[in-house]
Amino acid sequence: MMVSLLALTRRKPNESTFHTLFFMNMRHLKSLLLCLLACASFGDRGHAASSDDEFERARHDFEHVAVTGTLSEQKAALAKLVASADRDAVSVISREFARVATKLRKANDEKVRVQYQLDRKRLLLATLKKRAERDESLADSVAHQTALTGTLQSELQKQVRTKEELSPWVQALGEGSVELFAALGSKAKSALKGLWDMARESESLDERLAAVEMLAFVGGEGAAVDMQKLVAGLGKERSVLRRKLPKMLVEVRKMEGRLQKEQEQNSASAATFEQYERSKTEAVAVQRQVVSLAQIMEACVDAGGQALSREEGPLLERALVALLRAQKKAKGDARLRTLEMIARAENPAVRAALRGLLEKEKDPTVKGKLIAALAAVKDVELTGWLLEGALVDQSWQVRSRAIEALATLRSRQAIPVLIALLEEAEGRERTDCGDALKSLTGMDFHGNTELWKRWWSDNEAGFLVPELADESDASDAALESLGVTFFGIRTDSSRVLFVLDLSGSMNFAMVPRDNPDDEAGKPFDLPQGDEPSRLAVAKTELLRALSGIDEGSVFNLVMYASDVWTWKDDL
């Protein structure tokens, strides 16, 4: 029947042909119609199958190259997947984005951790070398610590390379996602909802962070406002947990005390131990959740700032009005995060709005956060207000933030003002002024205002503020003040908090050893002879530091081992 139909359609119809078709019985007409429908259906299925095959090939190539290919190969495979304009491509790219973004985040965290360890190791090694000049038995220990320092340097370089390799691919995935969502048209709405649901509800921290980071690229109109709502919700959740945590820690300490007492009396019960372990596990879980929520909030702040940067014209005006209204209603950390989100938008109109808000703000904590946020994005228009208003603010917090911001903004105008302020400043402000002047000028006269005035008088004409230098190693700064302050940390502040490690490792030697001449069988990290333990040195340093605190100053002690507690409730 199909052959007859095709034959009929290939020649010019005549009266006889129509006559024949007209008088076909109903059975033949039904068969003919079914054939026509089959042809149409066959064509659709063929097209769909072809489209599906194309997507599957693009998906397979992408998933293979994403793991094994070079960046150029990865980008080419991504382009083919995006060109398919298939709804399922969203989940494919999302999974890869989550995988790579998680690796990048962990590499960055590891870099920070290793950098800190390296700084401390350099300080230890420098101290050890000085002692080895008087004690030859430390030669092997110096060699051992030198090798460990080299290992840490290699690990740091490895994490830096990892970041350099992953960052371009994450950026490419984000940009590719934007193109794909544009190609999906009306289908993009449901895909976008899936990302928001993951950001709000996923039980996996990595998935939530990856969803937020991807939404920074594809969030679309109103994404910044939606991010603020997410921040507000996370802030409330975190506040509830933070209120619960102190009570839980008290319960842990109480159970720990009961267990120790029972052990001293040789009457420790399994029930007490189980109750102690349960209370500690619950407290740790809440602590981790508090930290996780803070991580998600930080990711939302960054994503919201990126989304707001993309808004223009009336859309920007509406978003900004909504965000400024929202920050008034938000409380505590959520309000500070919202302001920080707005400040991260690379837009002159947004920064102008924040400067206006800053001049009206009364809360010193909020003012300090706004100053820091605007300085971080190099808002030089802020300089005038800092010099005229912030440096004479009633709150030391605001004044301190203003001094730091002037150094960040590389303000030449600030140099004579800070020299004059240094002459009158006390405590923390004096330290801040000295640090800012050192950063802006490259000179260091250690608070001697006469020398500062004389230097500025001789060099003011034609002086150019140098570029902001990289922060010096913590070890270098600490070595300059060894023996003067608390473990090399110097401050003139009248409000001081000491943080002390009281864990079991504090019974180890201050000087690490690996000496074959040490007593056989004795752990190398225990004190040898009349060497002090780490705890003994900490006590000595603390007493020395406390003796240097001026009359009228306040302080407190925070101690930690398996738990954290304070000496007094207040400074």
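Atom set for the values below is all heavy atoms of this structure, side chains included, hydrogens, waters and symmetry mates excluded. Starting from 1, each residue takes its place in the sequence as its number.
Side-chain atoms of Arg310 come within 3.5 Å of backbone atoms of Ala216 as a donor-acceptor pair (strictly under, hydrogens ignored). In this structure, the side chain of Thr149 does not engage the main chain of Arg122 through any donor-acceptor pair within 3.5 Å. Checked by atom type and distance alone, the side chain of Gln327 pairs as donor or acceptor with a backbone atom of Leu324 at under 3.5 Å. Looking at Arg410, its side chain does come within 3.5 Å of a backbone N or O of Ser439 through a donor-acceptor pair.
Considering all non-hydrogen atoms of both residues, Leu173 and Val100 come closest at CD1-CG2, 4.4 Å. The two residues Val90 and Ser94 come nearest to each other via the heavy atoms O-OG, 2.7 Å. Leu104 and Ser167 get closest at one heavy-atom pair: CD1-OG, 3.7 Å. For the residue pair Ala107 and Thr162, the shortest heavy atom distance occurs at CB-CG2, 3.7 Å. Nearest heavy-atom pair, Ser202 versus Arg208, reported as atom, atom and distance to 0.1 Å: O-CD, 3.1 Å. Of all non-hydrogen atoms in Ser309 and Ala345, the two that sit nearest each other are OG-CA, 3.2 Å.
With values rounded to the nearest 0.5 angstrom, Ile371 atom CD1 is found 11.5 Å from Asp379 atom CG. Taking CG from Leu357 and CG from Leu339, the interatomic distance works out to 6.0 Å, rounded to the nearest 0.5 Å. To the nearest 0.5 Å, the span separating OG on Ser154 from CD on Gln157 amounts to 5.5 Å. Taken from CD in Gln145 to CG in Leu152, the straight-line distance is 9.5 Å, to the nearest 0.5 Å. The line from CG of Leu245 to CG of Leu241 is 8.5 Å long, rounded to the nearest 0.5 Å. Atom-to-atom distance recorded for Thr151:OG1 and Gln153:CD is 9.0 Å, nearest 0.5 angstrom.
Salt bridge present: Glu340 and Arg344 bring a charged side-chain N and a carboxylate O closer than 4.0 Å. In this structure, Arg161 does not pair ionically with Glu164, as no charged nitrogen and carboxylate oxygen lie closer than 4.0 Å. Electrostatic pairing of Lys158 and Glu110 does not count as a salt bridge here, judged by no charged N lying under 4.0 Å from a carboxylate O.
Between Leu125 and Thr146 the shortest side-chain heavy-atom distance falls below 4.5 Å. Taking 4.5 Å as the limit, some side-chain heavy atom of Gln159 sits within range of a side-chain heavy atom of Glu155. Contact annotation: the side chain of Glu54 never approaches that of Asp86 to less than 4.5 Å [non-hydrogen atoms, C-beta and beyond]. Using a 4.5 Å cut-off on side-chain heavy atoms (C-beta onward), Leu148 and His144 make contact. By the 4.5 Å heavy-atom criterion applied to side chains, Val558 and Leu497 are counted as neighbours. With a 4.5 Å cut-off on side-chain heavy atoms, Asn347 and Glu311 do not count as touching. Contact check for Ile93 versus Met214: side-chain heavy atoms found under the 4.5 Å cut-off. Between Met227 and Trp196, some side-chain heavy-atom pair lies under the 4.5 Å cut-off.
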Might you work through the side-chain contact (heavy atoms from CB on, under 4.5 Å) test for Leu209 and Thr102, ending with a clear yes or no? CA-CA 8 Å; Leu209 289 171; Thr102 299; over 6 Å; no
Worked check of side-chain contact (heavy atoms from CB on, under 4.5 Å) between Gln306 and Glu346: CA-CA 8 Å; Gln306 291 184 54; Glu346 297 180 4; over 6 Å; no
CA sep, side-chain torsions, deciding dist, call: Ser411, Val465, side-chain contact (heavy atoms from CB on, under 4.5 Å): CA-CA 7 Å; Ser411 171; Val465 176; over 6 Å; no
Could you walk me through whether Ser204 and Asp206 pass side chain to side chain donor-acceptor pair (under 3.5 Å), step by step? CA-CA 5 Å; Ser204 165; Asp206 286 338; 5.1 Å; no
Hey, mind stepping through Glu56 and Arg59 against salt bridge (charged side-chain N to carboxylate O under 4.0 Å, His left out) and telling me if it holds? CA-CA 5 Å; Glu56 284 301 318; Arg59 180 191 63 77; 2.9 Å; yes
Thr365/Gln397 under side-chain contact (heavy atoms from CB on, under 4.5 Å): CA gap, chis, key distance, verdict: CA-CA 7 Å; Thr365 303; Gln397 294 170 290; 4.3 Å; yes
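Residue-environment remark: CZ (Arg288) stays at or below the threshold of 12 foreign heavy atoms within 6.0 Å. Within 6.0 Å of CD in Glu404 there are 12 or fewer heavy atoms belonging to other residues, nucleotides or ligands. The number of heavy-atom neighbours closer than 6.0 Å to CD of Glu221, taken from other residues, nucleotides and ligands shown, is 12 or below. Annotation: Arg99, atom CZ; neighbour count of heavy atoms from other residues, nucleotides and ligands within 6.0 Å is above 12.
The aromatic rings of Phe217 and Phe97 sit perpendicular to each other, their planes meeting at more than 60°, with 30° as the lower class boundary.
Applying the salt bridge (Lys or Arg N to Asp or Glu O under 4.0 Å) rule to pairs touching residues 185-200 yields Lys193-Asp197, sequence neighbours excluded.
Partner of Gln228 under the side chain to side chain contact (heavy atoms under 4.5 Å, CB included) criterion, chosen from Leu323, Leu308, Val301: Leu323. Tested against Asp333, the residues Lys331, Arg337, Arg335 include a single salt bridge (Lys or Arg N to Asp or Glu O under 4.0 Å) partner, Arg337.
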